[in-house]
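A short worksheet on the structure shown next.
Being a predicted model, the structure only gives us computed values, none of them experimental.
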Amino acid sequence: MKIKEMFSLARVPSILLLGLVYVTYVLIGGVVFWKLEGDLGQKNIGNLLLSKNRLFEMYTCLNQEGLEDVAKVVQDASKAGLSLKKNSTSDGFWKFTSSAVFAATVVTTIGYGNMSPSTTTGQIFCVFFALFGIPLNLVVLNRVGKYMLAIERKISDFLEGKTGRRRCTRFFVHLVSYLSGALLFFVMPMVVFQLQEGWTFSQAIYYCFITLSTIGFGDFVADSNPDKTYPDWYSVLMASWIFLGLAWLALLINHSIDILERLNTHFKQTCGGQKQECKPAGAHVSNPDTQVEEEDEIKKPPVTQ
């Protein structure tokens, strides 16, 4: 394939338009976050400075160096999963159940950041564990997603054979699968997190999406509060929810990408149709996309029964 064909006039405008939409979307998001969180961040900084001055006024024996030492102890305790509110000891983050959840967040690339290996051996093992675990996770999630899609198609074909309406049946099956997934992976976990973690509904739904989309900010992390005692089944439920929820959300994102690609194709065909109307009747317009599709149709062997 020649360079001129790769960067043909039919492809470059669509790539530029898609890139422009992407950059504009990111910049709009940046402006919205700046306006929503910027003023609050300044207020929080002011409140923290006031609290710092109040500490110095209440505890006259405490100076800046002593405050930094206390802050370091609090930070180290937070990283270790220990609570300074009580004198009792705990296993911290690195018990078996939380370690298993951490391993799941590594291979799924969620990476909350609330806990991480501190030993040299643990860091080296984490590198190789992720190196082989991430591709394995992608393969397994891809298989599970295809299995979910196959079940969805079988149900759609069954209902289509009963009703005879293809578009309505597929729309109905897609809608039911989306609503069922939202109920199973968002609404029900939201209730569980509200009961176990004490979060609000908005915080719980925020945590569900940030986790299943593998963004993983780490500002909200379930099963990590050292002041709470969690049941043993909670970590198992967390790991199962993360794995199955990732497969379902990946399927949903693939459907969304398919819709966007169809809209892009429709837009290109509409613009291409308008350009062809402006061409003379005898002119032949060759589109690389349609040309490749036509060649693929010609190369396909006939289906024999």
Any side-chain heavy-atom pair from [X] and [Y] closer than 4.5 angstrom?
X	Y	value
T108	F243	no
S224	Y112	no
M148	S177	no
P189	Y207	no
L246	I242	yes
W248	L184	no

State whether the number of non-hydrogen atoms from other residues, nucleotides or ligands found under 6.0 Å of F158 atom CZ is greater than 12.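 12 or below, so no.
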Over 12 non-hydrogen atoms of neighbours within 6.0 angstrom of CZ in F172: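 Result for CZ/F172: open.
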Grab the two heavy atoms, one from [X] and one from [Y], that are nearest each other, plus how far apart they are.
X	Y	value
K228	Q196	CD-O, 3.5 Å
W241	F185	NE1-O, 3.0 Å
A222	Y234	CB-OH, 3.7 Å
M190	A204	CG-CB, 3.4 Å

Aromatic plane relationship, F220 with Y206 - under 30° parallel, 30 to 60° tilted, over 60° perpendicular: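 Geometry flag for F220 against Y206: perpendicular rings.
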Hey, what do you get for CZ (F217) to OG1 (T211), rounding to the nearest 0.5 Å?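 These two atoms lie 11.0 Å from each other.
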Looking only at side-chain N and O atoms, does T121 offer a donor or acceptor that is under 3.5 Å from a partner on T119?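 No, because no side-chain N or O of T119 sits under 3.5 Å from a partner of the opposite role on T121.
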